[in-house]
Amino acid sequence: MTSAAMHRFLLWAGRVPRFVAIGERDPQRQIRVTLHGPGGPIDVTRNHVVAGLRPLTVAFTLPPPAAAAIRGERLLRLRLSTESDPTRPLAELGLRHEQSLEADGATLQLLAVTEHRDFCMPAGAATIFALHHARSQWRRRRPEAFQMEPRDLKALQALYICPRPVVLVSVQHGHASNLFPMDLIGPTDSPYFLLALRNASPAVRLMAASRRMALADVPLECSAVAYRLGEHHNKEHIDWNALPFETRPSPAHHLPVFRDALRVRDVEVRQLHVVGSHTLFVTEVVHEARWNDGLQMFHVSGPYYRYVVLRGGTPPRPPNPVGSA
């Protein structure tokens, strides 16, 4: 059996990573995301951000009539479908309104995920997928490691049917500095760009103190570098001379960023809020520059990647592709 045939067999059987790196352009145009509730569906494809993982929480900004209508509503649903066939859902998530956060000129709505249905993988393959990852997680278990509730982890996979871009975040304050990857990020229908980072990360304190960051879009071919820099989440300070690439200053904040980034956005923190296990940074983009052209590193769910490939799709993958367990 050839390696390509083996790959397709493993995909068919459900042996696929939880999350997979693919190449896309931002904003992605594969998946449509709609919020269903009082007043009919609202397109939130580029207006929803994962704001916390424990409990799993999603943030939106909504027009005042829609925002007022969802408060206390228990029949809200988030539907993910392809742009080519928006009537056929790939997944649906039940939502419950939790909190409204007032920002200057906008109100952020935080909704907790209460249930989900993922239609990307048939029952047999889904069983193998679940057993494989349960075994892998048990073998790698560490008491100090961050763990999501199993139900929320499956719902997060459904949310990642919509491709999520990966950026490298640069931040400095005083003598401390860091650079690390993030994908719990995204725009809203407001001036605000959101980033969510786990409370236990030392970078949270640094970002809160500095209130200025630079976000560098990761080229697909540099995915391995982004994964390697994931270890920086646990560090108070990094050695910039040890980075596996050259840096250059960001245009507005003059923070060192990945020299080969596709795009760089300088952002400033307007507010921050604790959302369960994560801190939500409400930021505003003060400068944006396109440095290079090409495909950006995105994360998608393994089940959705399987769904696309087994139907003849060929999502661009990085060299020596790495999947997150």
Side-chain angles (χ1 to χ4, degrees), residues 21 23-28 46 49 103-104 164-188 190-198 201-272 279-299 318-319:
E24 257 289 358
R25 294 184 182 274
D26 195 12
Q28 66 80 29
R46 284 174 278 282
V49 180
D104 186 18
R164 310 284 170 176
V166 179
V167 299
L168 295 180
V169 179
S170 298
V171 58
Q172 288 183 331
H173 184 69
H175 296 294
S177 59
N178 207 336
L179 184 149
F180 49 88
M182 287 187 69
D183 67 355
L184 299 185
I185 64 170
T188 62
S190 75
Y192 303 115
F193 190 92
L194 307 183
L195 304 92
L197 189 61
R198 190 156 50 95
S201 172
V204 167
R205 298 187 294 273
L206 187 55
M207 293 162 67
S210 170
R211 305 187 79 84
R212 303 192 312 169
M213 290 88 74
L215 315 180
D217 292 357
V218 179
L220 177 63
E221 60 271 20
C222 299
S223 299
V225 172
Y227 283 122
R228 175 178 169 184
L229 296 180
E231 66 186 24
H232 287 183
H233 280 288
N234 299 319
K235 295 185 176 182
E236 297 279 354
H237 183 69
I238 64 168
D239 179 2
W240 290 86
N241 294 322
L243 292 176
F245 51 77
E246 295 183 358
T247 64
R248 60 186 284 196
S250 67
H253 296 329
H254 308 293
L255 295 167
V257 297
F258 183 30
R259 186 179 186 87
D260 295 327
L262 300 175
R263 173 180 55 176
V264 174
R265 284 167 288 185
D266 285 293
V267 304
E268 294 182 356
V269 177
R270 303 305 186 207
Q271 295 183 6
L272 55 92
T279 298
L280 180 66
F281 290 87
V282 181
T283 77
E284 193 167 356
V285 178
V286 297
H287 191 281
E288 178 175 325
R290 174 67 63 175
W291 284 359
N292 294 290
D293 188 38
L295 294 177
Q296 184 178 350
M297 177 186 177
F298 277 67
H299 279 143

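Side chains are part of it too, since the values below use all heavy atoms of this structure and drop only hydrogens, waters and symmetry mates.
In this structure, OG on S190 lies 10.5 Å from CG on D104, to the nearest 0.5 angstrom. Interatomic distance, I238 CD1 to S170 OG, rounded to the nearest 0.5 Å: 7.5 Å. Separating the CG atom in L272 from the CG atom in L195 is a distance of 11.5 Å, to the nearest 0.5 Å. E268 contributes atom CD, which lies 9.5 Å from atom OG of S210 (distance to the nearest 0.5 angstrom). A distance of 8.5 Å separates CZ of R164 from CD of Q28, quoted to the nearest 0.5 Å. Atom-to-atom distance recorded for M207:CE and L197:CG is 5.5 Å, nearest 0.5 angstrom.
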Quiz item: Does the side chain to side chain contact (heavy atoms under 4.5 Å, CB included) test come out yes or no for V286 and R212, once each step is laid out?
Solution: CA-CA 10 Å; V286 297; R212 303 192 312 169; over 6 Å; no
Quiz item: After noting the C-alpha distance and the side-chain angles of R205 and H173, does the key distance pass the side chain to side chain contact (heavy atoms under 4.5 Å, CB included) rule?
Solution: CA-CA 10 Å; R205 298 187 294 273; H173 184 69; over 6 Å; no
Quiz item: Between L280 and Q271, does a side chain to side chain contact (heavy atoms under 4.5 Å, CB included) hold up when you go through it step by step?
Solution: CA-CA 8 Å; L280 180 66; Q271 295 183 6; over 6 Å; no
Quiz prompt | side chain to side chain contact (heavy atoms under 4.5 Å, CB included) assessment of D26 paired with R263 | solution = CA-CA 10 Å; D26 195 12; R263 173 180 55 176; 2.8 Å; yes
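Contact check for Y192 versus E284: side-chain heavy atoms found under the 4.5 Å cut-off. The shortest side-chain heavy-atom distance between F193 and V49 does not fall under the 4.5 Å cut-off. Taking the side chain as every heavy atom from C-beta outward, V267 and H253 never approach each other to under 4.5 Å. Counting heavy atoms from C-beta outward, R248 and V264 have side chains that stay 4.5 Å or more apart. A heavy-atom distance below 4.5 Å is not found between the side chains of F245 and D260. Taking the side chain as every heavy atom from C-beta outward, H287 and S250 never approach each other to under 4.5 Å. Using a 4.5 Å heavy-atom cutoff, the side chains of P251 and E288 are not in contact.
Here the closest heavy-atom approach between residue L179 and residue H232 is recorded as O-ND1, 2.6 Å. Closest of all the heavy-atom pairs between R228 and A242 is NH2-O, 4.4 Å. The minimum heavy-atom distance between N178 and K235, with the atom names listed, is ND2-O, 3.2 Å. The two residues P249 and H254 come nearest to each other via the heavy atoms CB-CA, 4.0 Å. Considering every non-hydrogen atom in both F258 and P219, the closest pair reads CE2-CD, 3.6 Å.
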Return all side-chain donor-acceptor pairs below 3.5 angstrom for residues 290-298, not counting sequence neighbours, or 'none' if the list is empty.
| residue | atom | partner | partner atom | Å |
| --- | --- | --- | --- | --- |
| N292 | ND2 | A261 | O | 2.8 |
| D293 | OD1 | R25 | NH1 | 2.9 |
| Q296 | NE2 | V166 | O | 3.2 |

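Side-chain contact, W240 with T247: no donor N or O sits under 3.5 Å from an acceptor N or O.
Between T283 and the choices L215, V269, I185, D266, the side chain to side chain contact (heavy atoms under 4.5 Å, CB included) rule is met once, by V269. Across V171, L229, L168, a single residue satisfies side chain to side chain contact (heavy atoms under 4.5 Å, CB included) together with F180, and that is V171.
Side-chain N or O atoms of H237 include one that pairs as donor or acceptor with a backbone N or O of S177 at under 3.5 Å.
Around the CD atom of E246, the shell of radius 6.0 Å holds no more than 12 heavy atoms that belong to other residues, nucleotides or ligands.
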